[in-house]
**Student:** 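Got a structure for you, questions after.
Values below: every heavy atom of this structure, side chains too, minus hydrogens, waters and symmetry copies. Keep in mind that this is a model prediction, so the values were computed, not measured.
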Amino acid sequence: PRLSPAMAWEAVREAALQADAGKSLSTALAGQLTSLTGALCGQLFLWDDYRRVAPHFATFGTGKCEADVEELEATLVAQALSSEQPLRRYPNQHSAGPTESTPVVALALPLHFSSRPVGAIVLHFTPPRPIEGEEERSCQGVAGLLALALAREMAEDAQQRRAEELEALRRASLSLTSKLESGDVLEVMLKSTLDLIPASDAHIFLYDGDRLTFGAARWAGQQQKEPHSQPREDGLTYSVARSGERVVIPETRPHALYQGQNWDGAIIGMPLRVGQRVMGVMNVAFDRPHRFNDDELRILGLLADQAAVALENAERYRQVERRLAELSALQQVAGVVSRNLETQALLREVVHQIRGVLGYPVVEVYLVEGEELVQRSALEVQGRDSLRLPMDRGIVGRVARSDQAAFVPNVGEDPDYVEGRPGSRSEIAVPLRKGGVVIGVLNVETADLLGLTEADLRLLTLIADQLSVAIENAALYER
């Protein structure tokens with residue numbers, strides 16, 4: 001069959017009827033164009049404006065199409081879109097001087113709308129046949145309507161996606177702003193991100209202005225307890241944290257930040273920033289190269305802004321809770337001090353109050369006896385070689401010798417650390433004094449790396465001062 005102008009308009013009418021019956025107009029037009037030209041098959045390629053290529057989208061017709069779509073995309077389709085003219089492929093590519101009557105094996109029709117590429121349709125003919133001028137113009141007419149239909153459908157799809165994104169962002173915003181625990185904020189953030197972006201995994205690391213610590217991770221549809229890997233000093237996450245600017249890497253293998261890492265994926269690092277303060281970094285990764293489009297960048301930017309505000313609110317809430325806990329702890333210890341005049345009972349109750357109100361898993365009180373420190377009260381301490389420590393051993397011994405409190409965010413980096421409770425990672429030890437003489441040490445430990453802060457040190461120093469006076473009063477009473 002030859003596609004005449006009358007047949008072309010009949011194809012349009014039939015496609016419109018099919019569209020009314022629920023089929024998309026573009027699909028109906030592509031099918032009609034393939035059928036009425038007698039093509040073995042028609043292959044539709046849709047333009048990707050971000051990647052600047054037109055990958056294969058769909059095949060139409062009753063015949064089996066064996067054409068190499070990647071080869072077509074790189075040659076015939078790319079050339080037709082570039083020239084904005086139909087292109088023919090002949091049985092013998094090296095045939096000299098083909099004419100209008102020379103049989104063709106394929107005809108590529110570029111699809112443009114408002115001077116912008118939309119895609120292309122390639123018609124394959126077996127056996128090859130000539131395409132005369134009038135028929136080619138009829139094909140171009142149907143192709144023009146196909147381009148219009150595709151452009152409209154793409155716009156409608158984009159509008160629908162935007163509406164879905166806005167609704168998802170609204171739900172994420174409501175969920176984020178309703179959370180007052182930072183852990184909840186991070187989990188909501190990562191779930192919302194992977195619901196909107198088809199990435200393989202997402203991580204959040206918190207930043208204190210100097211160091212990054214693991215906050216949350218999600219992949220395979222679940223929250224994870226550990227990250228894929230810790231941030232490298234010269235890697236992407238620290239670069240984002242220190243600069244406060246996002247870093248987008250569509251392909252990691254050749255990128256300078258991933259030299260020697262043997263990973264061929266894509267990643268974006270988004271700063272979680274309030275004003276000039278970077279509170280953390282969110283990394284979103286793909287397990288293969290991926291070009292982040294404008295929609296993805298916009299969504300990630302909005303989510304990062306919301307998460308940063310939610311984290312700041314959670315931090316303020318935590319500071320208020322902490323302040324209340326500190327006041328409660330001081331009040332509780334003051335009550336114990338005023339009620340007890342027997343040393344052992346005093347120490348036992350103070351340790352229980354500190355643990356109960358502030359939640360430290362390890363709380364110990366050592367008193368100086370001669371050249372040793374004797375553990376007089378403790379909770380959750382296992383594995384000490386003895387309840388007695390030489391004054392020259394451990395962080396506790398160092399505090400007793402130096403009369404200086406020790407704040408150790410990471411005990412693994414302190415050569416004086418002596419393991420008491422397996423798994424302890426942070427420690428604070430504060431001297432107990434009578435006059436200008438050290439009479440003991442108050443010691444606490446946690447299982448969280450960097451789990452203790454300067455605020456803990458200040459609070460424990462106040463408690464140690466109260467406890468020192470109480471110990472002195474109890475000693476006087478017992479004498």
**Student:** Within the structure provided, determine whether V396 and Y366 are in side-chain contact (heavy-atom separation under 4.5 Å).
**Tutor:**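 Answer yes - side chains close enough.
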
**Student:** Sequence neighbours left out, what passes salt bridge (charged side-chain N to carboxylate O under 4.0 Å, His left out) with R298? Give chain and number order.
**Tutor:** E165, D295

**Student:** Determine whether a donor-acceptor pair (N or O, by modelled atom type, separation under 3.5 Å) exists between the side chain of E187 and the backbone of A216.
**Tutor:**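 Checked: no pair found.
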
**Student:** Take L432 and V441 through the test side chain to side chain contact (heavy atoms under 4.5 Å, CB included) and record every step on the way to the result.
**Tutor:** CA-CA 5 Å; L432 304 174; V441 176; 5.7 Å; no

**Student:** Would you say that L297 contacts I268 through its side chain, given a criterion of any heavy-atom pair below 4.5 Å between the two side chains?
**Tutor:** yes

**Student:** Is there a donor-acceptor pair closer than 3.5 Å between any side-chain N or O of Q224 and the backbone N or O of W219?
**Tutor:** yes

**Student:** Look only at the side chain of S424 and the backbone of E445, and say whether a donor-acceptor pair between them is shorter than 3.5 Å.
**Tutor:**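 Flag not set: sc S424 to bb E445 has no pair under 3.5 Å.
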
**Student:** Measuring from atom CZ of R232 to atom CG of L212, what distance do you get when rounded to the nearest 0.5 angstrom?
**Tutor:** 12.5 Å

**Student:** Whether the side chain of E372 engages the backbone of E369 through a donor-acceptor N/O pair (distance < 3.5 Å, no angle test) should be reported.
**Tutor:**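 Flag not set: sc E372 to bb E369 has no pair under 3.5 Å.
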
**Student:** Check this for me: does any side-chain nitrogen of one of R288 and D264 sit under 4.0 Å from a carboxylate oxygen of the other?
**Tutor:** no

**Student:** If you apply the rule side chain to side chain contact (heavy atoms under 4.5 Å, CB included), what do you find for V118 with M154, and how did you get there?
**Tutor:** CA-CA 9 Å; V118 177; M154 289 176 177; 4.0 Å; yes

**Student:** Roughly how far, to the nearest 0.5 Å, is the NE2 atom of H56 from the CD atom of E70?
**Tutor:**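 One finds 11.5 Å between CD of E70 and NE2 of H56.
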
**Student:** Mind checking whether H255 and Y258 have parallel, tilted or perpendicular rings, split at 30° and 60°?
**Tutor:** perpendicular

**Student:** With a 6.0 Å cut-off (strictly less than), is the heavy-atom count around CZ of F57, excluding the residue itself, greater than 12?
**Tutor:** no

**Student:** Applying salt bridge (charged side-chain N to carboxylate O under 4.0 Å, His left out), can you list everything that pairs with R348, at least two apart in sequence or on another chain?
**Tutor:** none

**Student:** Check salt bridge (charged side-chain N to carboxylate O under 4.0 Å, His left out) between R218 and all other residues, then give those that pass, not counting sequence neighbours.
**Tutor:** none

**Student:** Determine whether a donor-acceptor pair (N or O, by modelled atom type, separation under 3.5 Å) exists between the side chain of R401 and the backbone of M391.
**Tutor:** yes

**Student:** Is it true that the side chains of R425 and Y417 contain a donor and an acceptor less than 3.5 Å apart?
**Tutor:** no

**Student:** Given 3.5 Å as the limit, does a donor-acceptor pair link the side chain of S26 with the main chain of L150, or not?
**Tutor:** no

**Student:** Please tell me if the side chains of V309 and L311 come closer than 4.5 Å, counting only heavy atoms from C-beta onward.
**Tutor:** no

**Student:** Any donor-acceptor pair under 3.5 Å linking the side chain of E153 with the backbone of L25?
**Tutor:** yes

**Student:** Can you check whether H290 reaches E296 side chain to side chain, under 4.5 Å on heavy atoms?
**Tutor:** yes

**Student:** Please tell me if the side chains of P390 and E371 come closer than 4.5 Å, counting only heavy atoms from C-beta onward.
**Tutor:** no

**Student:** If every non-hydrogen atom of G42 is compared with every non-hydrogen atom of L123, which pair is closest and at what distance?
**Tutor:**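 Closest heavy-atom pair between G42 and L123: CA-CD2, 4.2 Å.
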
**Student:** Under 3.5 Å, sequence neighbours excluded: what are the donor-acceptor pairs made by side chains of residues 196-207?
**Tutor:**
unit_1, atom_1, unit_2, atom_2, d
S200, OG, A285, O, 2.9
S200, OG, D287, N, 3.3
D201, OD1, H203, ND1, 3.4
H203, NE2, H228, N, 3.1
Y207, OH, G209, O, 3.2

**Student:** Is the count of non-hydrogen atoms from other residues, nucleotides or ligands lying under 6.0 Å from N262 atom CG greater than 12?
**Tutor:**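 12 or below, so no.
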
**Student:** Considering residues, nucleotides and ligands other than E233, do more than 12 of their heavy atoms fall under 6.0 Å from its CD?
**Tutor:**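 Buried by this count: over 12 neighbours within 6.0 Å.
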
**Student:** After noting the C-alpha distance and the side-chain angles of T252 and L257, does the key distance pass the side chain to side chain contact (heavy atoms under 4.5 Å, CB included) rule?
**Tutor:** CA-CA 8 Å; T252 55; L257 289 174; over 6 Å; no

**Student:** Throw together a table of side-chain donor-acceptor distances under 3.5 angstrom for residues 71-80, partners on residues two or more places apart or in other chains.
**Tutor:**
unit_1, atom_1, unit_2, atom_2, d
E71, OE1, R89, NH1, 3.2
E71, OE2, T75, OG1, 3.0
E71, OE2, R89, NH2, 3.1
T75, OG1, E71, O, 2.6
T75, OG1, R89, NH2, 3.3

**Student:** Rounded to the nearest 0.5 Å, how far apart are CG of L387 and OG of S377?
**Tutor:** 11.0 Å

**Student:** Between S426 and N410, do the side chains contain an N or O donor and an N or O acceptor separated by less than 3.5 Å?
**Tutor:**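 Note: S426 and N410 side chains miss the donor-acceptor criterion.
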
**Student:** Locate the shortest heavy-atom distance separating F286 from F292; write the atom from each residue and the value.
**Tutor:**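 Taking F286 first and F292 second, the nearest heavy atoms are CE1-CE2, 3.5 Å.
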
**Student:** Taking the side chain as C-beta and beyond, is there a heavy-atom pair between P409 and L452 under 4.5 Å?
**Tutor:**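 The answer is no; the side chains never approach within 4.5 Å.
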
**Student:** Which residues satisfy the side-chain hydrogen bond (donor to acceptor under 3.5 Å, both in side chains) test with R152, sequence neighbours excluded?
**Tutor:** E156

**Student:** Tell me, with the steps shown, if H112 and E84 meet side chain to side chain contact (heavy atoms under 4.5 Å, CB included).
**Tutor:** CA-CA 8 Å; H112 287 80; E84 300 187 24; 3.6 Å; yes

**Student:** Give me the atom names and distance for the closest heavy-atom approach of D403 to G436.
**Tutor:**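 The answer is OD2-O, 4.4 Å.
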
**Student:** Is L347 close to I471 at the side-chain level, that is, under 4.5 Å between some pair of heavy atoms?
**Tutor:**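 Result yes, sub-4.5 Å side-chain heavy-atom pair found.
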
**Student:** From L303 CG over to M189 CE, what is the distance, rounded to the nearest 0.5 angstrom?
**Tutor:**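 Answer for the CG-CE pair, L303 versus M189, is 5.0 Å.
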
**Student:** Rounded to the nearest 0.5 Å, what separates atom CZ in F60 from atom CG in L44?
**Tutor:**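 F60 atom CZ to L44 atom CG measures 5.0 Å (nearest 0.5 Å).
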
**Student:** Can you confirm whether L81 sits close enough to W47 that some side-chain heavy atom of one is under 4.5 Å from a side-chain heavy atom of the other?
**Tutor:** yes

**Student:** Heavy atoms only: give me the nearest E427-N443 pair and the separation to one decimal.
**Tutor:**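 Result for this residue pair: OE2-OD1, 2.5 Å.
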
**Student:** Does S468 reach the main-chain N or O of R433 with its side chain, forming a donor-acceptor pair under 3.5 Å?
**Tutor:**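 Between the backbone of R433 and the side chain of S468 there is a qualifying donor-acceptor contact (under 3.5 Å).
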
**Student:** For the backbone of A455 and the side chain of T453, can you confirm whether one donor and one acceptor N or O come within less than 3.5 Å of each other?
**Tutor:** yes

**Student:** How far apart are the closest heavy atoms of V278 and G244, and which atoms are they?
**Tutor:**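 That closest heavy-atom pairing would be CG2-CA, 3.7 Å.
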
**Student:** If you look at every heavy atom in A143 and L111, which pair is closest and at what distance?
**Tutor:** O-CD2, 3.3 Å

**Student:** Measure the spacing between CD1 of I121 and CG of L46 and express it to the nearest 0.5 Å.
**Tutor:**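 That separation rounds to 10.5 Å.
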
